[in-house]
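When a residue number appears, it is its place in the shown sequence, counting from 1.
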Amino acid sequence: MTTETSARAANPGPRTYDVRTYGCQMNVHDSERISGLMEDAGYVRAADPEAADVVVFNTCAVRENADNRLYGNLGHLRPAKVKNPDMQIAVGGCLAQKDRGDIVRKAPWVDVVFGTHNIGSLPALLDRARHNEEAEVEILESLEVFPSTLPTKRESTYAGWVSISVGCNNTCTFCIVPSLRGKEKDRRPGEILAEVRALVAEGVSEVTLLGQNVNSYGVEFGDRLAFGKLLRATGDIEGLERVRFTSPHPKDFTDDVIAAMAETPNVCHSLHMPLQSGSDRVLKAMRRSYRQEKYLGIIDKVRAAMPDAAITTDIIVGFPGETEEDFEQTLEVVRRARFSSAFTFQYSKRPGTPAATMEEQVPKAVVQERYERLIALLEELTWAENKKLVGEKVEVLVAVGEGRKDQRTGRMSGRARDGRLVHFATGDTTPRPGDVVETVVTYAAPHHLNADGAPLSHRRTRAGDAFEAGRLPKLQGVSLGLPTIGLPAPLPPVADGCSR
């Protein structure tokens, strides 16, 4: 019997867990559900992650180095597993859905592998693996239960993710997500609004509506205007101060969504609109069902309705067959759109995607040179856009962990309503994460704003109270049943509002 096993036998307290997350916002929210499931099953979060009884990796399969990163981290855990055989290691998420049994073959010290469709099975799989003393691999091809039915332990007292759909019906040639997350399944509007109300009741003041393609919401029940209606319905939820959403697809973006953003007071004037490429030829090869003219038309309409809107994007450099002329088209769209920030990627092959087998793969050196030119242009433009805000008053929702230099500078950090990161001096106030301050921008950098004067105001909130008390929202699943084909109950009527 090992020392660790002897210690556990002498002090049989609850088993501890640690969840390690890679990838997109969907994975971050899935990890909140994993934590909720684990705690419902009697586990407690490990005070020291390195000493956890169960380590859960929630993986991503989008980036080229995702595999290497996972197997490297699993390798680092092998000595701890050898030292303490009672320790369990579980691997879930998109990479688990893709690699399946290969994970146990490559890393035989892994105890459980579960996919994107059966997160709710994790506690039972851990029990089974422990009882049978062998690895359990369970990958389902379709959704077992809608994720919203699972208990969720939120990571923030003031901001919450709310899934409105899972899966994706698009066929972008560079993307492996649809094959791992499945076809789009939409939640009923009443179920979504019930979860938002439950979060607000716990003190949450900001929610982000989440989906692989949020603005195609309603495809299952045949209402192409459902997403705009959902945004408007959030305006009636008392106590909800900010609503965001990510990520829309330009091909599904409709004028009613722009109107809903502009006319619903608590919907923030921030928009993440993935571009991927500015070249019509490359967009066609990517199977992105829009072209440069349509994309820029959307940007123009958003700015006409909301001149203060901050627009962010995703851009891929070096997609197979991309020429210098194609890349120049991307730079031209960036100049015209004047994004407030961008997530930029060098194209990398993902096994199982059509793009991985395309001819004319762009040489790495060419991709790198183009990437550096794109970054330089974005830095120039985002800095210029941020400088326009110097001297302006901003409302900041105080956050935790946003500013790495906050301790050294004495500042705190948070997000303005348009999503920009603001580092601010506290003056004589003592804001808590979740509180709201108004302050004036004194300095702009490409990726953040500084406000070095004393705040104009500080509003204490229930979210700040919860943070101070150490209370995180923990919700049981909110469900009105799995989605089915057919028209849902209508959304509640929405009162008129004006943008702010």
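- Looking only at atom types and distance, the side chain of Tyr22 has no donor-acceptor partner in the side chain of Arg20 under 3.5 Å away.
- In this structure, Arg338 and Leu381 approach most closely via the heavy-atom pair NH1-CD2, 3.4 Å.
- Distance OG1/Thr353 to CE/Met358: 8.0 Å, rounded to 0.5 Å.
- In this structure, CG on Leu271 lies 9.5 Å from OG on Ser247, to the nearest 0.5 angstrom.
- In this structure a side-chain-to-backbone donor-acceptor pair under 3.5 Å is present from Lys294 to Lys251.
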Assess whether side-chain contact (heavy atoms from CB on, under 4.5 Å) is satisfied between Arg291 and Lys284, documenting all intermediate values.
CA-CA 8 Å; Arg291 299 296 178 258; Lys284 182 177 180 181; 3.4 Å; yes
Stepwise salt bridge (charged side-chain N to carboxylate O under 4.0 Å, His left out) check, Arg370 with Glu322:
CA-CA 11 Å; Arg370 289 177 184 168; Glu322 181 190 75; 2.9 Å; yes
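- Looking at Asn450, its side chain never comes within 3.5 Å of a backbone N or O of Asp452 through a donor-acceptor pair.
- Ser216 and Glu184 share a side-chain donor-acceptor pair at under 3.5 Å.
- Side-chain contact check for Arg244 and Ser270: at least one donor-acceptor pair (N or O, by modelled atom type) lies under 3.5 Å.
- Under the 3.5 Å distance criterion, the side-chain polar atoms of Thr313 are matched with a main-chain donor or acceptor of Leu275.
- Between Tyr290 and Tyr295, the ring planes are tilted. Angles from 30° to 60° get that label.
- A donor-acceptor pair is defined here as one N or O able to donate and one able to accept, closer than 3.5 Å; such a pair exists between the side chain of Arg187 and the backbone of Ser163.
- With a 4.5 Å cut-off on side-chain heavy atoms, Gln361 and Lys349 count as touching.
- Listed for the Arg459 side chain is no donor-acceptor partner under 3.5 Å among the backbone atoms of Glu438.
- At a threshold of 4.5 Å between non-hydrogen side-chain atoms, the residues Arg288 and Val282 do not count as touching.
- For the residue pair His447 and Asn386, no side-chain donor N or O sits within less than 3.5 Å of a side-chain acceptor on the partner.
- Looking at heavy atoms from C-beta onward, Tyr217 lies in side-chain contact with Pro189 at the 4.5 angstrom threshold.
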Chi angles and distances behind the side-chain contact (heavy atoms from CB on, under 4.5 Å) call for Val166, Gln212
CA-CA 7 Å; Val166 293; Gln212 301 294 158; over 6 Å; no
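- No donor-acceptor pair under 3.5 Å is formed between the side chain of Arg69 and the backbone N or O of Cys60.
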For Arg417 and Asp308: C-alpha separation, side-chain torsions, deciding distance, then whether salt bridge (charged side-chain N to carboxylate O under 4.0 Å, His left out) applies.
CA-CA 10 Å; Arg417 289 190 64 85; Asp308 61 336; over 6 Å; no
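- Of the possible donor and acceptor atoms, none in the side chain of Asp418 sits under 3.5 Å from a partner among the backbone N and O of Ala310.
- Between the OG1 atom in Thr312 and the CZ atom in Phe339 there is a gap of 8.5 Å [rounded to 0.5 Å].
- Expressed to the nearest 0.5 Å, how far NE2 of His269 lies from CD1 of Ile311 amounts to 11.5 Å.
- With hydrogens and angles disregarded, a donor-acceptor distance shorter than 3.5 Å links the side chain of Asp326 to the backbone of Thr323.
- Ring-centre distance between Phe245 and Phe227: below the 6.0 Å cut-off.
- Heavy atoms from other residues, nucleotides or ligands lying under 6.0 Å from NZ of Lys393 number 12 at most.
- Across every non-hydrogen atom of Asn266 and Thr234, the tightest pair is ND2-O, 3.0 Å.
- Nearest heavy-atom pair across Glu220 and Lys185 is OE1-CA, 3.5 Å.
- By the 4.5 Å heavy-atom criterion applied to side chains, Tyr158 and Val398 are not counted as neighbours.
- Under a 4.0 Å N-O distance rule, the pair Arg33/Asp30 qualifies as a salt bridge.
- Checked by atom type and distance alone, the side chain of Ser165 never pairs as donor or acceptor with a backbone atom of Asp186 at under 3.5 Å.
- For the pair Leu74 and Val91, the minimum side-chain heavy-atom distance is below 4.5 Å.
- Remark: Glu324 engages Arg373 in a salt bridge, criterion side-chain N to carboxylate O under 4.0 Å.
- Using a 4.5 Å cut-off on side-chain heavy atoms (C-beta onward), Met286 and Cys172 make no contact.
- What you find for Val437 and Pro431 is that their closest heavy atoms are CG1-CG, 3.9 Å.
- Under 4.0 Å is where a charged nitrogen must lie from a carboxylate oxygen, and between Asp252 and Arg224 no such pair does.
- Panel note: side chain Asp435, backbone Thr461; a donor-acceptor pair is recorded below 3.5 Å.
- Summarising the geometry of Thr442 relative to Gly453, their closest heavy-atom pair is CG2-N, 4.3 Å, with the distance given to 0.1 Å.
- Scanning both residues, Gly318 and Val367, for their nearest heavy atoms gives CA-CG2, 3.8 Å.
- Between Thr330 and Val333 there is no side-chain heavy-atom pair separated by less than 4.5 Å.
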side-chain contact (heavy atoms from CB on, under 4.5 Å) between Leu389 and Val394, worked out:
CA-CA 9 Å; Leu389 296 173; Val394 290; 5.7 Å; no
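- Using a cut-off of 4.0 Å between Lys/Arg side-chain N and Asp/Glu carboxylate O, Glu325 and Arg281 are scored as not salt-bridged.
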Worked check of side-chain contact (heavy atoms from CB on, under 4.5 Å) between Glu369 and Val366
CA-CA 5 Å; Glu369 188 272 338; Val366 174; 5.5 Å; no
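- Note that the CG atom of Asp300 and the CZ atom of Arg303 stand 8.5 Å from one another [nearest 0.5 Å].
- Side-chain contact check for Val422 versus Val441: every heavy-atom pair is 4.5 Å or farther apart.
- Here the straight-line distance linking atom OG of Ser340 with atom NZ of Lys388 works out to 11.5 Å at 0.5 Å rounding.
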